[in-house]
Amino acid sequence: MSKKPTSQPALHKVIMVGSGGVGKSALTLQFMYDEFVEDYEPTKADSYRKKILLDGEEVQIDILDTAGQEDYAAIRDNYFRSGEGFLCIFSITEEESFQATQDFREQILRVKNDENIPFLLVGNKCDLEDKRKVSFQEASERAKQWGVTYVETSAKTREHVDKVFYDLMREIRARKMEENKTSNGKGKDKNKRKKLKCTIL
Amino acid sequence: MTTIRHTLQQEVFQPNEERLLAACHVEKLYKKKKASFLCIVSNTKPPLTISLIQIKQSEKTYKRKRSWNLVELKSVDGKNVLADNLEFDLHLDKLYRWVASSAQERQLFIITLWRQSSKYFLKEKPVFKNVPETWIREDVLTPENKFISSPILTLENDITEDFKAITDKEQEDLSSLMANCEFAISNAEAFMEVLARDLSLLDGENVQYLLASEAKVESLMNLLESAVDEADKIEQRLDEYDEILCHVKETMEKMEKKNSMISTVNKNNILLLKELEIIIKQLDLPRKFQDILDDADLTNTQGLKQAIEAGNALRDAMNCQLDPALLRMSAVQEQRKKFEKYKDKFSRAICRQLNNLFIHYGNHKGESDRNTEGLVLPQHSMVHKELIPYTELMHWIKIMDRKASEALKKVYTDSLGKLYDRDVHNLFEAAKEKIAPLGQVSTPTRNLALLGLDREQWTLEVISDDRQRYEIIIEQVLTQLEPVCLQEQQFCVTFFQLDILSPTSKNTQTTLDGMGAEVNVLPSKKAEKQVHEEVRNMMTSLFSCLEEELLSFIGYIEKYDPFHCMYVLVHLNQHVMSAQSSFLSNTLASVLIHMKRTLDRFMQLQIDSIKDCKIARKSKCGILPYVLNLEEFAKLADVLLKSDRRIDLEKWYIRLVDTMIEFINVHANEHHKTPPQVIKMENYHYLYSLLSQLKISVLDNQRKEAKQKYNEALAAYVTHYFGRPLEKLNIFFEGVQAKVASGVKASEISYQLAFSKQELRKVISQYPGSTVKKGLESLYKKVEKHLSEEGLVQVVWRAMQEEFIRQYKMLEDLIQQCYPGSMIALEFTIDDILNFFSDIARSH
Ligand SMILES: Nc1nc2c(ncn2[C@@H]2O[C@H](COP(=O)(O)OP(=O)(O)O)[C@@H](O)[C@H]2O)c(=O)[nH]1
Ligand SMILES: [Mg+2]
């Protein structure tokens, strides 16, 4: 009668990247606990885990919220490596944070060595329209160029918060399914494939 | 003194035509030796003035020094009234203070001053202070005092006081008299003779007049006497009349008394009549009623109506308010006896009828069909409807025959109680069957729902569908109870008049059994309480098995669902609050208390299970069972946490989570492989995250505490396990730092034997890049092995990378400081390190 918790739900690992102060932690906390923290407390790295229903399927999301302002970018290599999908966040009120997304994108591609890694460009703080510095147009163009989706969010009003996480997880899931199908063929990463096999039952 | 006064008169005053009245030899106070004479002087020619004159003596001559008019004198102050006092003050144009040379002179001087001033000043007499009273009295000049007056003074008195001039009129008469006698002046003797003759003539005439008037007086006297006699007679008459009138008055008074007595008697008669009328009216029971009472037919509506009417009439007659004294009247007594007989008979008839009915209805089926599905507690409104017509009779019996009424009540409760017992029992049996068929063997799950047990074991047999079903069933059962209890309670209250208090003592004035509720008045609070108690007692007898059955039912659920206390509490509480039947509300409340105890026991067991938790011998410890189980637990407890009774749970939640926080720390030391810091870090992290998700407000402090403990454990793990991959370098530089601290200059460290450049190179050579890289790789593996959650591996590794870079930089700095220009450096650069990190990342 009862569901034995022997089969663990699929685990999707999401990394939050972006400059300091753009709202990575705020988005994570809003998604996790439905709360918005007004005061700014710089993060080093925090890990979150939550069970959710993704299109009727119970999955587990692992979110790694990072600092984005490390002295040495190489320190990020390890956790970029561990991520299966990325939310690359900037603040629409800050031009520099938008520019920084370029570096983050490059580092991720380098570490993951994968052009099609699940990735969303996120323009946060869209509630502060009157302070906007980065136009929707500009950000959309960059996303198009990268071949990724651009979404504007507000951690404060919760606008599109669920959307970015769910969309990213769908991408991750789709990616995994695809890899699973072609796993007999030319998998790029043997290690990874083995892991995926364990997860999807 | 006399000679001096004489000399003064002769030499000073006489030449001025003045007269010395008094003189006093004085000195000025405080200026002795300047002696002079104070004199009171009057002039001898009109207008009369009195002066005060001070005379000074130089050799043999006297000179005026000062003089004042007596009018100027404002006051005289004698200083005191002693006889030998010599001082005195005169207030003239200013104050003069004197001392007399002799008391006698002073006295005489002051007296003279007083006398002169009283004589000559009509207004504004000077004030005489501190002078003996006797000196300034009017009679101060009586002969006794005269001895002190001087001869001159006496003379003055004769002149002024004894002379009386003849009046003008007298003078005129005298002159006309003398004019009549031209010779009067010339011949006084002849004139006298004429006068004498005239006088005797006048005398004679006078006598004659006197004699003539005497006779007239006598006749007048006679007249007066007769008048007095007449008056006496009249007086006598009046006395007689007076006596007669007194008689009349007495008679009148007597009549008045009699009159009032008659009216009193009259009034009394009327009152008596009224009283009698009342008695008769009250105690009269019409023939018609007597017949009915004698043979009451209570089986049909018509008979019932008549019986009620007759019964009420009897009750009124028996309960009428009579003076206790009247009860002694034999007629009244007789009537009462008669009534008593009717009462007994009627009461018996009612009892018989109601008894039959009660017993009959004890077998009532109930309105609802037992066979329909669902849980139903049948209502018995038909019974109530059929009994309602007897309500008044029941009330009658309650007043008239307490014992019979109590007996009836008992029959009712016994009979209907059995009915309800059966109904209630059936309801709960049906409910139990719905929880689980009785035949089915239930696996005891009670012990499997403890937080401290392993996740696999802890999994409840009850799935949420079942639990939802239990919740619906208990709600249905509770909902069934309310209308039946309320209906029964309302019926009992009206039918047995439970809301009207029965007298606790008999009224001894009458032989009646009761006199109605008004007789003893209880304070309303107390009365209300008593009413409630009556109602509750009756309902408790009627539903005697309800509480027991409910508890047994709940116990039955417990067997299938140890978490039942959460929702049962919630539903019970709702029904306690909403129940309109006070009995049901009370009963449910008592079950609620029972449930609350069950909850307390349950929670205590949970806490104990946390303490007793056994750590599984797995390769990684991971999240402890109770931390893992808390999420599921919270889900099950949510129903209670969202209800009005959340406080019951909240205080337990605090204890529960406090216990977890405490025991994570304890259990962290019990795993054979995983280090305690990791166990703490992972579990506090998990607990913090879970509490953030649950948002149980009372646990906010615990949430913060968990976060803090997580951070502490993380820091402890990094420092402890990352430790010092460059151990020997560290030890070397610790020595360097110790030297610096003891006073050796940084630049001279290299001259110390133990810390020479040579030594440094030796140590550095032990850490070539490849070794360092290997060390870091094995450290990463160790971390991966310790931790159960990949997310935290990233967090920890990041912290370790930072720590390593920090240590590297510190060493570089020390080399720069202590071995400047020596060109010595570590065998790997920061870029090397970053490459190591990237390689580790890629190889993973
Ligand atoms: N108005 C507004 N403020 C935001 C939003 N997201 C974050 N913030 C604020 O921006 C500051 C930095 O956010 P934080 O999440 O700590 O940035 P992080 O460094 O990227 O983690 C905080 O004060 C947040 O309250 C948003 O969507 N709207
Ligand atoms: Mg942050």
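On a predicted model such as this, the values are computed, not experimentally measured, just so you know. Quick note on labels: first sequence line is chain A, next is B, and so on, each numbered from 1. Scope of the values below: all heavy atoms of this structure, side chains included, with no hydrogens, waters or symmetry mates.
The minimum heavy-atom distance linking A:Asp62 with B:Gly791 is given by the pair OD2-N, 3.8 Å. Minimum heavy-atom separation, A:Ile75 to B:Glu802: CD1-CG, 4.1 Å. A pairwise comparison of heavy atoms in A:Leu64 and B:Val795 identifies CD1-CG2, 3.9 Å as the closest pair. The heavy-atom pair separating A:Ser47 from B:His685 by the smallest distance is O-NE2, 2.7 Å. Nearest heavy atoms, B:Arg798 versus A:Ala45: CD-CB, 3.5 Å.
Looking at A:Arg49, both its backbone and its side chain come within 4.5 Å of chain B, counting heavy atoms on both sides. Only the side chain of B:Ile830 comes within less than 4.5 Å of a heavy atom of chain A; its backbone N, CA, C and O stay farther away. Proximity to chain A (any heavy atom under 4.5 Å) is restricted, for B:Tyr780, to the side chain, taken from C-beta onward. Proximity to chain B (any heavy atom under 4.5 Å) is shown, for A:Asp46, by both the backbone and the side chain. Of the atoms belonging to B:Phe804, not a single heavy atom falls under 4.5 Å from chain A.
Under the 4.5 Å side-chain criterion, counting only non-hydrogen atoms from C-beta, B:Arg842 is not in contact with A:Val111.
When the heavy atoms of residues 688-695 of chain B are compared with those of chain A, the residues falling under 4.5 Å are B:Ser689, B:Ser692, B:Gln693, B:Lys695, listed by number.
Between chain B and the options A:Lys50, A:Met32, A:Glu70, heavy-atom pairs under 4.5 Å are most frequent for A:Glu70.
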- Verdict with supporting geometry, A:Tyr72 and B:Ile805, side chain to side chain contact (heavy atoms under 4.5 Å, CB included): CA-CA 10 Å; A:Tyr72 303 101; B:Ile805 290 172; 3.7 Å; yes
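By the neighbour-count criterion of 12 heavy atoms within 6.0 Å, atom CD of A:Glu96 is sparsely surrounded, having that number or fewer from other residues, nucleotides or ligands. Other residues, nucleotides and ligands place more than 12 heavy atoms under 6.0 Å from the CD atom of A:Gln99.
We find the CD-CG distance between B:Glu790 and A:Leu11 to be 8.0 Å, quoted to the nearest 0.5 Å. In this structure, the separation between OG on B:Ser838 and CD on A:Gln107 is 8.0 Å, given to the nearest 0.5 Å.
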